[in-house]
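Quick note: residue numbers are just sequence positions, from 1. Note that the coordinates shown come from a computational prediction; the quantities given were computed from them, not determined experimentally.
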Amino acid sequence: MKYLSSAVDFAIKNWMLIIPVFVLLAISGLIQGAGAAVSLGTILSLADMDNFTSAEAIFRLIPTILALAVGSGIVAFIARFIYEPATYGLVNKKLETGSATLNEIGAAISENFVKYVMFLIGSLVVNLVLGIATILILLLMVLLVSLLKGFGVALMVIVIIALVLFFIAFGVLISLWFSAMVVDGLSVFDGFKKSIEIVRTCFWTVLGITILVSLAASVVSAILGFLGAIPVLGPVILSVIPAAQYFVIAVFSLLIYRDKTGRAIA
């Protein structure tokens, strides 16, 4: 728990470094909120049985709703190219030198942008390979089910459970991938191998803290979910939760990586 405690303590003391994540997630949340408001308004108008033109209205609003949904996804995707290199860069600099401010956000993005792009490409390739392998395995299981009947069904259930456990374990093992690239400047392939090498020595710690932080964020989101109904301000307020969750996990990843590789922390 020392890593989680240190990560939370770091986040509290350096809360200003969360601002880039918060702002970009808030913008995405505002767009999503606008889409939800339009959809809700359409549903309410359809509830008026005396308004027979409401069906036409919904068809006219479909392009707007789709545009807002797609726009939100695009903004969220683009935002990652800004706040992930910035956050990891600033946090790592703070841990390494004891000093990091938002004035250095440009330098952090510049230094880690290419690394992040390579990391995303590497992740895409790995997911593609695993996805194809999974599809082939499931197709094989379907064939076995048709041949072996009851035994094949039981075997397929076991294989599906094994696949789920494998993906969870694999996700944990590569969770320090980008951290390795940022801290040690490793290539995408070397960072991948380094993450697996490090996490193997602290697998349950990484898994446990990741689950704990996710559960805490989910509980807080459930408790404060009613705030989402507040126009404009609601989505902005709720954006604090995923921003804080992301930041704490990023700090934790860098802390445990630096500790396991013997890197001093300022």
Side-chain angles (χ1 to χ4, degrees), residues 1-22 80 83-102 104-105 107-116 118-120 122-123 126 165-217 241-266:
M1 293 295 289
K2 69 172 185 177
Y3 294 111
L4 178 58
S5 176
S6 297
V8 172
D9 184 57
F10 181 97
I12 294 173
K13 291 180 179 178
N14 300 277
W15 62 269
M16 289 192 68
L17 299 183
I18 306 177
I19 291 177
V21 186
F22 167 67
R80 293 184 62 187
Y83 70 72
E84 295 219 24
T87 300
Y88 274 80
L90 290 173
V91 171
N92 185 58
K93 186 175 185 299
K94 178 67 177 181
L95 293 173
E96 189 167 314
T97 67
S99 175
T101 67
L102 289 180
E104 300 168 287
I105 188 172
I109 294 174
S110 176
E111 182 178 353
N112 297 293
F113 181 81
V114 174
K115 296 176 186 177
Y116 184 67
M118 296 305 298
F119 164 69
L120 281 185
S123 300
V126 169
L165 294 176
F166 167 78
F167 279 110
I168 292 174
F170 185 74
V172 174
L173 287 171
I174 64 172
S175 60
L176 302 185
W177 190 352
F178 187 52
S179 297
M181 296 176 68
V182 171
V183 176
D184 285 331
L186 300 178
S187 67
V188 63
F189 183 66
D190 288 338
F192 174 82
K193 293 193 300 180
K194 192 68 173 180
S195 176
I196 294 176
E197 175 189 327
I198 296 297
V199 178
R200 284 174 58 188
T201 67
C202 53
F203 179 87
W204 296 109
T205 298
V206 176
L207 175 62
I209 289 180
T210 301
I211 292 175
L212 187 60
V213 173
S214 298
L215 286 176
I241 300 170
Q245 178 187 0
Y246 170 81
F247 190 79
V248 169
I249 289 296
V251 174
F252 162 69
S253 298
L254 290 165
L255 277 172
I256 197 168
Y257 181 84
R258 295 183 67 88
D259 183 55
K260 296 298 180 180
T261 54
R263 295 271 186 164
I265 296 176

| request: Please test Phe192 against Val188 for side chain to side chain contact (heavy atoms under 4.5 Å, CB included), starting from the C-alpha separation and ending with a verdict. | output: CA-CA 6 Å; Phe192 174 82; Val188 63; 5.9 Å; no
| query | So Thr87 and Leu17, side chain to side chain contact (heavy atoms under 4.5 Å, CB included) or not? Walk me through it. | reply | CA-CA 7 Å; Thr87 300; Leu17 299 183; over 6 Å; no
| query | When you look at Ser253 and Phe178, which way does the side chain to side chain contact (heavy atoms under 4.5 Å, CB included) test go after all the steps? | reply | CA-CA 9 Å; Ser253 298; Phe178 187 52; over 6 Å; no
| Yes or no on side chain to side chain contact (heavy atoms under 4.5 Å, CB included) for Lys260 and Val199, after CA distance, side-chain angles and deciding distance? | CA-CA 9 Å; Lys260 296 298 180 180; Val199 178; over 6 Å; no
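Taking 4.5 Å as the limit, some side-chain heavy atom of Leu102 sits within range of a side-chain heavy atom of Pro20. In this structure, the side chains of Phe252 and Val8 stay at 4.5 Å or more apart for every pair of heavy atoms. Side chains of Leu4 and Val248 form a contact here, defined as non-hydrogen atoms less than 4.5 Å apart. Contact annotation: the side chain of Ser214 approaches that of Gln245 to within less than 4.5 Å [non-hydrogen atoms, C-beta and beyond]. Side-chain contact between Ser123 and Trp177: present, with at least one pair of heavy atoms (C-beta onward) separated by less than 4.5 Å. Contact annotation: the side chain of Arg80 approaches that of Leu120 to within less than 4.5 Å [non-hydrogen atoms, C-beta and beyond]. Between Tyr3 and Asp259 there is a side-chain heavy-atom pair separated by less than 4.5 Å.
Asp184 places no side-chain N or O within 3.5 Å of a backbone atom of Ala180 that could act as its donor or acceptor partner. When atom types are taken as modelled, the side chain of Ser175 and the backbone of Val172 share a donor-acceptor pair closer than 3.5 angstrom. Here the side chain of Glu104 pairs a donor or acceptor atom with the backbone of Thr101 at under 3.5 angstrom. Between the side chain of Asp9 and the backbone N or O of Ser5, no donor-acceptor pair lies under 3.5 Å. Using a distance-only test at 3.5 Å, with no hydrogens or angles considered, a donor-acceptor pair links the side chain of Thr97 to the main chain of Lys93.
Residue Thr201 comes nearest to Ile198 through the heavy atom pair OG1-O, 2.6 Å, listed as atom of the first residue, atom of the second, then distance. Between Gly191 and Leu186, the closest heavy-atom pair is N-CB, 3.9 Å. Nearest approach of Ile256 to Cys202, heavy atoms of both residues: CD1-SG, 3.7 Å. Among all heavy-atom pairs drawn from Ala108 and Ala86, the shortest one is CB-O, 3.9 Å.
Rounded to the nearest 0.5 Å, atoms CG (Asn92) and CZ (Arg258) are 5.0 Å apart. Remark: Tyr88 OH to Lys115 NZ distance equals 13.0 Å, nearest 0.5 Å. Rounding to the nearest 0.5 Å gives a distance of 12.0 Å between CD1 of Ile174 and OG of Ser179. Distance check, rounded to the nearest 0.5 Å: CZ of Phe10 to CG of Leu254 gives 8.5 Å. With rounding to the nearest 0.5 Å, the separation of CG in Asn14 from CG in Leu90 is 10.0 Å. The CG atom of Leu176 sits 10.5 Å away from the CD1 atom of Ile196 when rounded to the nearest 0.5 Å.
Remark: aromatic rings of Tyr83 and Tyr246 are close, center separation under 6.0 Å.
Looking at residues two or more places apart in sequence or on another chain, you find no side-chain hydrogen bond (donor to acceptor under 3.5 Å, both in side chains) involving Glu197.
For Lys194 and Asp190, the salt-bridge test fails: no basic side-chain N is under 4.0 Å from an acidic carboxylate O.
A tilted orientation is assigned to the rings of Phe119 and Tyr116, their planes being inclined by 30° to 60°.
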